[in-house]
Number of protein chains: 2
Amino acid sequence: MNAEIIAVGSEMLTPQRVDTNSLYLTDQLNAYGVEVVFKCIVGDDRTLLTDTIRLAISRSEIVILTGGLGPTEDDVTRDAVAQALGVQQTYQPEVFENIVAMFSRLGRKIADNNKRQAMLIDGAEWLENTRGTAPGQWLRTKHGVLMLLPGPPKELTTMYEREVRDRLVAMLPKQALRTRWYRVAGMGESDLDQLIAPVYTRYSNPVTTVLAKAGDIEVHLRARLETPEAAEILVEEVGLQVEALLGDRIYSRNGDPLDRTVGGMLVARGQMVAVAESCTGGLLGARLTEAPGASDWFSGGYLVYSLEMKKALVGEADGAEIEAHGVVSERTAALLAQAAAKKSGATHGVSITGVAGPDGGTAENPVGTVWIGVASDQGVETRRYRFPGDRGRIRTLAAQSALDLLRRHLLVQKG
Amino acid sequence: MNAEIIAVGSEMLTPQRVDTNSLYLTDQLNAYGVEVVFKCIVGDDRTLLTDTIRLAISRSEIVILTGGLGPTEDDVTRDAVAQALGVQQTYQPEVFENIVAMFSRLGRKIADNNKRQAMLIDGAEWLENTRGTAPGQWLRTKHGVLMLLPGPPKELTTMYEREVRDRLVAMLPKQALRTRWYRVAGMGESDLDQLIAPVYTRYSNPVTTVLAKAGDIEVHLRARLETPEAAEILVEEVGLQVEALLGDRIYSRNGDPLDRTVGGMLVARGQMVAVAESCTGGLLGARLTEAPGASDWFSGGYLVYSLEMKKALVGEADGAEIEAHGVVSERTAALLAQAAAKKSGATHGVSITGVAGPDGGTAENPVGTVWIGVASDQGVETRRYRFPGDRGRIRTLAAQSALDLLRRHLLVQKG
């Protein structure tokens, strides 16, 4: 079953405001297998809102309006809904009494225009508002239901829980939702899509979504069937095929970000990591300490931005090595990773040295060239990357790739 | 003139995602007197999207679509626009060559489905994407213009600034715009608003916008009048009053972020900074190296996450001091800042040590308590902060406050 959410209010169309009510409602609706297919924000414009409501009820079973239930002239939701449905509104004195009572409880003087809030759309049921003055309304439509909810989040969530949820569940076909959520590192979005599209395009259920951030891709599968068991069997059938294709590029099945995954692997092995960062200037350390409890896997590290700092970290002899091979080189990455582990006493050292740009590129090492090293008692692993994009993207991809190289190192290490 | 913004992508209809692109675009459009009257989010549903586009172009002069320009089957924006306008798309080999070039620069293999990104809607102009592979498109419609922009915020903002803004201004009624842009650190949004509202509320022109991120507030003034001279006089009149109220809490008048401002101050003084970070784990170093040329002001630093790393940085004797005073203490902040400068040879050392949480809080140092130190030949400055919010916000505020404390130290330092 499909739902649409319409937020009403010109203030919601300013550069500062986001519609958080729709996030709450989407979460609630998804839990019952209802998909939100469209959501929008309309200003205090009766005509535009009326058209929007007409369209919504013509194509979706559940239409939720939030906001615009106040007493003033520019609170147009009630009027627009009545107009869209071609019905009248009737003044309900006993509801106005409640509003009066609420006002006096708040020690506020009621204005005559508050009577507008006591206008009930013909055919609607009241939804009680225990946190504010604007009652909501619940209406059957040709294809389903339409509801008017207040804009203030506290009033909306309370009204949803007390008045809406049960009414909604009662009208829903029993449907169970089962999901899979894979997070993938080390490949591009289009490569991943080419790899798994042959599988997921064969199924309209589960629904597959692919989300890509820099060096980080999420694959979501959502299966809906009559029973939890049937939905689980279906999502498992497709999920296993996707897992087989992605293999160890999947770093998380529970939504954990890469840093938390790596942290968990280190903790499970009773190991710690230290970093030596040049072009990322601390991004890798910041990633490794994003999750609470980072002190269980992260000892610390060295921001070796200048040549002097690099030499100071590795010591006299290896310092000469760095000058000989150049700061952006396999040898330097190896020496920095080893020194980070040795000097900090951590079991693993990870290093990043490269050209983030926009300047400093050479024929041999153009902008985007980054060497990453991982050192442990299993030896040193180094890899050369060539990252696209601007300085910010190159640095983000470098930190992400360093986490993934460490993850792969931990996957294969013996003992 | 009216605008509508349509965000495309099923992932944007999940409970976790908000459409921040529309906030940026609204801010940009408002600056030129364009009002956003409707915005919506549509999933990867070609039919629904086509209907939405038809409606938008029928009632608004400016229609902006964001997202859905990727290479995969569920990137439906191009097809939906072509269908809504009743026109064809043509494959542009030379554009595909650019995409191929971008991929090979990244050393990545291009997938055949990337050809979809080189399909130009008949009558459209390309909008170059310098940050990603999906080019945008610009189309004249019966009532105005329609544009297709990429979903990733960095790609969108860059494309807007490079390709869209001038085209847009050219079609808007001529009006001179003069602006002031202040960036402010070290105060909360509501404090700032209380301080300057008495000034800006007296003027409907210039339009004043206050944008707040963690520890970082932007104040925009936009004056619109017939001539540049008149607009300049007006924005200057209001700007001077705002500057007088905010004083040295204004760190930038040209939009430079705090890290670049501090970097510029250091370069102007021929000085360098090094960091010693505990709870921020590298965030401060990452901030100080965001801008190109960071090697002119940043030497490097030390991620002293564990007690051992802290002791190793300050040495035997001071290590005992740290144990005596505790890691979250004024003394420790001072010792770490001094050691960071001394050991790296930088003129300035900045330290951060605190409780980012969610665990580790004590009665004396509850979660959010952070000590920041700045050391130079002028002596050591320390300050205790108590930051609100979750771990992520506390860490962000700590790095931002450290940059600001360094800025103030540089402002007042002698010789």
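Being a predicted model, the structure only gives us computed values, none of them experimental. In what follows, chains are A, B, ... by sequence order, proteins preceding strands, each numbered from 1.
Only the backbone of A:T280 has a heavy atom closer than 4.5 Å to any heavy atom of chain B. Only the side chain of B:L55 comes within contact range of chain A, judged by heavy atoms closer than 4.5 Å. A:L25 does not touch chain B: none of its heavy atoms, backbone or side chain, sits under 4.5 Å away. For A:M272, no part lies near chain B; criterion is any non-hydrogen pair under 4.5 Å. Looking at A:V207, neither its backbone nor its side chain comes within 4.5 Å of chain B, counting heavy atoms on both sides. Only the side chain of A:L211 comes within less than 4.5 Å of a heavy atom in chain B; its backbone stays farther off. Neither the backbone nor the side chain of B:P152 comes within contact range of chain A; no heavy atoms are under 4.5 Å apart. Proximity to chain B (any heavy atom under 4.5 Å) is shown, for A:D27, by both the backbone and the side chain. For A:T52, the part lying under 4.5 angstrom from a heavy atom of chain B is the side chain only. Of the two parts of B:V275, only the side chain, counted from C-beta on, holds a non-hydrogen atom closer than 4.5 Å to a non-hydrogen atom of chain A. For chain B, the nearby parts of A:A294 are the backbone and the side chain; heavy atoms of each come within less than 4.5 Å.
In this structure, OG1 on A:T208 lies 9.5 Å from CG on B:D74, to the nearest 0.5 angstrom. With values rounded to the nearest 0.5 angstrom, B:T14 atom OG1 is found 8.0 Å from A:L23 atom CG. Atom-to-atom distance recorded for B:D51:CG and A:F38:CZ is 10.0 Å, nearest 0.5 angstrom. Interatomic distance, B:L13 CG to A:L29 CG, rounded to the nearest 0.5 Å: 11.5 Å. For the atom pair CG (A:D191) and CG (B:N114), the distance works out to 8.0 Å, reported to the nearest 0.5 Å.
Of the listed residues (B:A291, B:S344, B:G357, B:A356), the greatest number of heavy-atom pairs within a distance under 4.5 Å of chain A belongs to B:A291. Top candidate by heavy-atom pairs under 4.5 Å with chain A, chosen from B:E277, B:E4, B:R17, B:Q28, is B:R17. Your options are B:G281, B:G285, B:A399, and the one with the most heavy-atom pairs under 4.5 Å with chain A is B:G281. Between chain B and the residues A:H220, A:M309, A:K343, A:M12, the largest count of heavy-atom pairs under 4.5 Å involves A:M309. Most heavy-atom pairs under 4.5 Å with chain A, from the set B:G360, B:A111, B:S306: that is B:A111. Of the residues considered (A:M187, A:R287, A:K310, A:K39), A:K39 shows the highest number of contacts with chain B, using heavy-atom pairs under 4.5 Å. Counting heavy-atom pairs closer than 4.5 Å to chain A, the top-ranked of the candidates B:C40, B:G301, B:G392 is B:G301. Listed options A:E308, A:E189, A:R59, A:R393 were ranked by heavy-atom pairs under 4.5 angstrom with chain B; first place goes to A:R59. With chain A as the partner, the residue from B:T20, B:D44, B:L48, B:L283 showing the most heavy-atom pairs under 4.5 Å is B:L48.
Closest approach of A:Y302 to B:Y302, counting heavy atoms only: CD2-CD2, 4.4 Å. Nearest heavy atoms, A:G282 versus B:A286: C-CB, 4.1 Å. Taking both residues in full, the closest heavy atoms of A:L303 and B:F298 are given as CD1-CZ, 4.0 Å, listed atom of the first, atom of the second, then distance. Across all non-hydrogen atoms, the minimal contact from B:S299 to A:Y305 is O-CB, 3.3 Å.
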Report task. Evaluate side chain to side chain contact (heavy atoms under 4.5 Å, CB included) for A:D193 paired with B:N113, printing each intermediate quantity in order. Result -> CA-CA 9 Å; A:D193 194 66; B:N113 54 11; 4.0 Å; yes
**Report entry** side chain to side chain contact (heavy atoms under 4.5 Å, CB included) evaluation trace for B:V37 with A:D45
**Finding:** CA-CA 9 Å; B:V37 294; A:D45 174 332; 6.0 Å; no
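Checking side-chain atoms of B:R391 against main-chain N and O of A:E290 turns up a donor-acceptor pair under 3.5 Å. Side-chain N or O atoms of B:R395 include one that pairs as donor or acceptor with a backbone N or O of A:T289 at under 3.5 Å.
Within 6.0 Å of CD in B:E73 there are 12 or fewer heavy atoms belonging to other residues, nucleotides or ligands.
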